[in-house]
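Ligands are counted one by one from 1 in listed order, and the atoms in each one are counted from 1 as well. Because the structure is a prediction, the values reported are computed rather than measured. Residues take their numbers from the sequence shown, with the count starting at 1.
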Amino acid sequence: MEITFPATFLWGTATAAHQVEGGNVYNDNWVLEHVPGSSYVESSGDACDHYHRYREDIALLAELGFTLYRFSLEWSRIEPEEGEFSLAQLDHYRRMLATCHEHGITPMVTFHHFTSPRWLAASGGWEAQDTPEKFARFCERAVAHLGDLMPFACTLNEVNIGPLLMSFVPDMNAVRSQPWFEVAARKVDSDASRFTPFLYADPERGRATILAAHRRAVDAIKAGAGNCSVGLTLAMQDIQAGPGGEEMAARMRRELLDVYLEGTHGDDFIGVQTYSRQRFGPDGPLGAEDGVERTQMGYEFWPEALEATIRYANAATGLPVIVTENGLSTEDDTRRIAYIERALRGVAACLRDGIDVRGYTYWSAMDNFEWSLGYRPTFGLIAVNRTTQKRSVKPSARWLGDVARAHGF
Ligand code: BGC
């Protein structure tokens with residue numbers, strides 16, 4: 001074998017509740033998806049019906065060779081109205097955790113993966129000063145019910161996603177002034193200035209709220225049942241300078257990465273999530289370089305970004321790293337295997353240099369609801385028939401599962 005990994009290294013795949021569960025009318029995203037003229041190309045609908053099919057899905061992941069499954073709790077199911085907690089929904093997630101353990105899979109639970117209860121988003125959401133307290137209360141209730149089965153927890157997914165998207169998707173900044181956004185806000189008895197889903201928070205106000213929520217959540221989870229390793233996850237691109245772009249790239253690293261990495265003080269690990277690189281010139285992002293292969297998302301096919309970002313995150317925080325997401329959307333599964341193989345070579349190089357990387361998680365277990373782009377991008381190791389919900393294992397799933405079993409390739 002050319003590349004080997006430690007026997008304790010965790011091999012995972014990930015999903016997020018709203019992207020796979022289906023039929024959730026309680027969260028803010030469902031509202032956005034259903035406003036005519038919104039930037040969402042379709043509704044999440046039944047998604048992958050993972051809410052009912054999780055047993056078969058988890059069994060399949062175990063059979064393929066995976067040892068870690070990262071999934072998220074849907075806050076809006078657990079607390080559909082403020083202060084009203086559903087024990088039935090908490091039991092649902094308890095069954096999911098138990099199913100992982102039955103199959104020898106280590107579960108990693110994300111407490112917030114982009115979606116929020118409608119009532120939270122309507123009342124100021126991720127810019128409001130009392131949101132950290134509300135999030136901590138939810139974490140406390142959830143961990144009291146689930147903590148004994150939960151070895152790893154991520155508080156919030158991609159705490160920097162809003163500012164990151166705003167740095168390279170020009171329309172992101174303007175979303176909240178679009179007429180359809182006001183219509184969405186009114187649907188939840190709010191208005192466009194108060195209605196604040198996670199992705200659309202103002203970078204400054206959002207950062208303060210989100211980082212405070214993270215800290216409160218770490219304390220709440222640690223104080224609860226079980227002995228959980230807790231961290232946050234960061235959307236990391238390998239930020240590079242194009243010609244004359246050194247200053248801009250340094251500024252972007254500071255604003256999009258460093259200020260969030262500083263917020264991890266006291267955590268147990270840092271979750272690195274990397275898809276590609278981003279080059280900056282003196283005036284802003286340069287976009288994809290001519291001649292570089294692109295993925296379905298339009299990102300450059302750049303698996304080496306993972307090694308660069310693991311090194312960056314570890315150097316900035318000194319924390320153990322878990323790759324909590326890495327992947328690409330493509331119709332050509334042979335390119336998926338090529339991408340993962342190159343990314344894993346980078347992980348192995350970090351390990352050789354003594355960086356404590358504890359696991360690699362491919363995004364995503366299944367083709368799923370890719371937010372505003374609907375079901376068009378296919379990130380999954382497993383395809384899902386949109387009519388029958390039949391799962392079809394792609395060769396990349398078998399390839400990565402075999403790597404997990406052999407501890408290398
Ligand atoms: C998010 C996922 C998303 C993936 C692919 C990450 O930013 O955590 O929810 O589907 O990237 O775009």
For L146, the option from I78, V109, L73 that meets side chain to side chain contact (heavy atoms under 4.5 Å, CB included): L73

Approximate separation, where rounding is to 0.5 Å, of E56 CD and H50 NE2: 10.0 Å

Residues in contact with ligand 1, criterion: heavy atom under 4.0 Å: Q19, H113, F114, N157, E158, Q273, Y275, M297, E325, W363, E370, W371, F379

D258-Y312 side chain donor-acceptor pair, cut-off 3.5 Å: yes

Partners meeting salt bridge (Lys or Arg N to Asp or Glu O under 4.0 Å) with R277 (sequence neighbours left out): E289, E300

Neighbour count >12 (heavy atoms, 6.0 Å) for atom CD, E42: yes

Polar side chain donor-acceptor pair, T110 to R70, under 3.5 angstrom: yes

